[in-house]
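Here it is: the structure, laid out below.
Chain letters run A, B, ... following the sequence lines, proteins first and then strands; every chain starts at 1.
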Number of protein chains: 2
Amino acid sequence: MTHVAPDPDRAAGSLYRKVAADLREAITSGSFGDAGRLPAEGALAEQYGVSRGTVRQALAMLRADGLVTSRRGTRRVVLGSARVQSFSELLSFTHWARSMGEEPGGRLESLIRRPADAAEREQLRLEPGTDVYVTLRLRTLSGTPVMVERTVYPPRVGELVAELPPDVVSHTEPLREHGILFTDADHTIDVVAANADDARLLGCRRGSPLLREKRRTTDPTGTPVEWSQDRYLPGTVAFSIHNSLASSALSRHARDSD
Amino acid sequence: MTHVAPDPDRAAGSLYRKVAADLREAITSGSFGDAGRLPAEGALAEQYGVSRGTVRQALAMLRADGLVTSRRGTRRVVLGSARVQSFSELLSFTHWARSMGEEPGGRLESLIRRPADAAEREQLRLEPGTDVYVTLRLRTLSGTPVMVERTVYPPRVGELVAELPPDVVSHTEPLREHGILFTDADHTIDVVAANADDARLLGCRRGSPLLREKRRTTDPTGTPVEWSQDRYLPGTVAFSIHNSLASSALSRHARDSD
DNA sequence: TGAGCCAAGTTGGCCAGCCAACTTGGCTGC
DNA sequence: GCAGCCAAGTTGGCTGGCCAACTTGGCTCA
């Protein structure tokens, strides 16, 4: 399955996204040279037939993605070519795998319903006594295991997940059909030792290091919809971030608890 | 040393940064409740005596930091309290440590000058035959080793680094005095096994897992000023990121090379 | 030749206004 | 009581304009 991804920017209706998508493509294809300069904002505005404000909105996206610099007094400079963008590739293992041309797989190991503990109530903002749904899934790329995923869902979401067939590849896609939207996420990345389950599922030794990503996802209203902990075999994945003085989105912090 | 950090937002002269800083403080102090709603943009504009556009610019910062949601038709909702922001805390081990109230330390293990290899020329965009300066430093928090830092500098920067006393704590601060600015960085995070040097310096066993951050930093003109590889002892640090459909800044990618 | 000034070009920032898309709560009518 | 409509409120998006801060390259003048 080739899965040609439609450009999410161009799909959206707003002008500045179209301009941004077009510029991103031009940059990636090398139209401005490697460390070349972009046309002036005014020139781009005239070229696209939009106002300078709209061009600036588009350029702000590219700056946040690390594609161009920007400083007062001189034209913007191309920093580098496009890396994988698209928010969904970060949230969904399935989307990510497909965007690389790999075949994602998933096997549900267990799904239980039980009362939420204190940490889970805190993360998912639930009242005491509320139940949560807990899943354990093994994720594969082209058949080889790469990741163990432990996810805690609030009832509203968990009920839908429990209805899904155990061999369904993507969870986020059917959930979106039911009106569960994933729009914001907080990620924490560190190293952890494999426990007995991890070792059995991933085929590594107990205690061997895994790259861990903890993730709390919320919907547009700010309601938590998922609290997940993914453990990757080393060498299968890395996380990459761009940040700049103009707009940062990453922070390094001390590890204080689990 | 207590090192009371001045608020970088408020220090900057622009109105929207002041508004953002004020709102950030109000959110963190709980003025709007936990999952409370913010005042409307128009109300904030009137309150601060600025235009709605300026308020929107401020709110865009908070949205990018994951402090508030935003969707059309309804007021913004508070997502969570402020985590450590400030771009410099990410770039500079020293700033980061001080912001946590820890005492950062550093010991230069080696500094050599030699011709750049192919990978280094590529990363630092240097001509063949150019020399680079390579440093190996052990970083400590309150005396205990936490990280080994290997940095490759282009000549312009390396010459300045070579002049610094070997026990200087911060590199970025004196470099800034000489007009070397760090404004953009690409980070890649994964797991790696400790080599002999790592083990000796950090006091761990050879082959034991370390959290690795590779970082390429550029100045405002887009010129690379640093290519660094930091290796942290597990349990001393974690990386956290927020992203959203509105503005993402992180991408997960397959590991293909070193 | 070289240092310094200067003007043109460019981005950062701010304002005022307008309309569209969407959410929410209340009201109407069955 | 309940479903559906509707209007008010709110954010998203876009325009046009203005000035300030800064960079750059060329020109002037010693």
Side-chain angles (χ1 to χ4, degrees), chain A residues 9-21 23 32 36-64 67-79 179 181 183-184 219-223 244-247, chain B residues 9-21 23 32 36-64 67-79 179 181 183-184 219-223 244-247:
Chain A
D9 287 344
R10 213 178 295 272
S14 43
L15 270 178
Y16 78 92
R17 283 177 191 275
K18 287 177 190 149
V19 174
L23 288 174
F32 306 117
R37 294 164 112 83
L38 257 59
E41 295 173 356
L44 290 171
E46 195 171 0
Q47 175 183 333
Y48 287 105
V50 300
S51 78
R52 196 186 142 215
T54 301
V55 169
R56 284 177 64 77
Q57 214 167 341
L59 289 170
M61 290 185 70
L62 303 188
R63 181 186 55 180
L67 288 181
V68 299
T69 60
S70 86
R71 43 177 194 140
R72 177 149 38 184
T74 188
R75 293 222 184 137
R76 285 181 162 82
V77 175
V78 174
L79 265 187
L181 299 175
T183 59
D184 283 79
D219 70 8
T221 71
T223 309
S244 77
L245 257 183
S247 71
Chain B
D9 286 345
R10 212 179 295 272
S14 42
L15 269 179
Y16 78 93
R17 283 176 192 274
K18 287 178 189 148
V19 173
L23 287 174
F32 305 117
R37 294 165 112 84
L38 257 61
E41 296 173 355
L44 290 172
E46 196 172 0
Q47 176 185 330
Y48 287 106
V50 299
S51 77
R52 198 187 141 216
T54 301
V55 169
R56 285 176 65 76
Q57 213 167 343
L59 289 170
M61 290 185 70
L62 304 188
R63 182 185 57 180
L67 289 181
V68 298
T69 60
S70 85
R71 48 183 188 135
R72 178 148 38 183
T74 189
R75 293 222 184 136
R76 284 183 162 81
V77 175
V78 174
L79 265 186
L181 299 175
T183 59
D184 283 80
D219 70 7
T221 70
T223 310
S244 76
L245 256 183
S247 70

Check: For the atom pair CZ (A:R75) and CZ (A:F32), what is the distance rounded to the nearest 0.5 Å?
Finding: 10.5 Å
Check: Side chains of B:T183 and A:T69: closer than 4.5 Å at any heavy-atom pair?
Finding: no
Notebook entry, point to check: Would the number of heavy atoms belonging to other residues, nucleotides or ligands and lying under 6.0 Å from CD of A:E46 be above 12?
Noted result: no
Check: For the atom pair OG (A:S70) and CZ (A:R56), what is the distance rounded to the nearest 0.5 Å?
Finding: 8.0 Å
Notebook entry, point to check: Rounding to a whole Å, what distance do you find between B:E46:CD and C:dG17:P?
Noted result: 13 Å
Checklist line | Neighbours of DNA chain C within residues 69-76 of chain A, by heavy-atom distance under 4.0 Å | finding: A:S70, A:R71, A:R72, A:G73, A:T74, A:R75, A:R76
Next item on the list: Examine C:dC14: is either OP1 or OP2 under 4.0 Å from a nitrogen or oxygen in the side chain of B:Y16? Give yes or no.
Entry: no
Notebook entry, point to check: Nucleotide range of DNA chain D contacted by chain A, 5' to 3', under 4.0 Å to a heavy atom?
Noted result: D:dG13 to D:dT24
Item checked: Partners meeting side chain to side chain contact (heavy atoms under 4.5 Å, CB included) with A:V19 (sequence neighbours left out) -> A:L23, A:Y48, A:A58
Note to self: With rounding to the nearest 0.5 angstrom, report the OG1 to CG distance, B:T223 to B:D184.
What the structure shows: 11.5 Å
Checklist line | Heavy-atom side-chain proximity of B:T221 to A:R71 below 4.5 angstrom | finding: yes
Notebook entry, point to check: When you match B:L38 and A:L15 each to their closest nucleotide on DNA chain D, which lands nearer the 5' end?
Noted result: B:L38
Notebook entry, point to check: From B:L67 CG over to B:L79 CG, what is the distance, rounded to the nearest 0.5 angstrom?
Noted result: 8.0 Å
Notebook entry, point to check: A:Q57 has an atom CD; how far is it from atom C1' of C:dG12, in whole Å?
Noted result: 15 Å
Check: Between A:T221 and B:T54, which is nearer to the 5' end of DNA chain C once each is assigned its nearest nucleotide?
Finding: B:T54
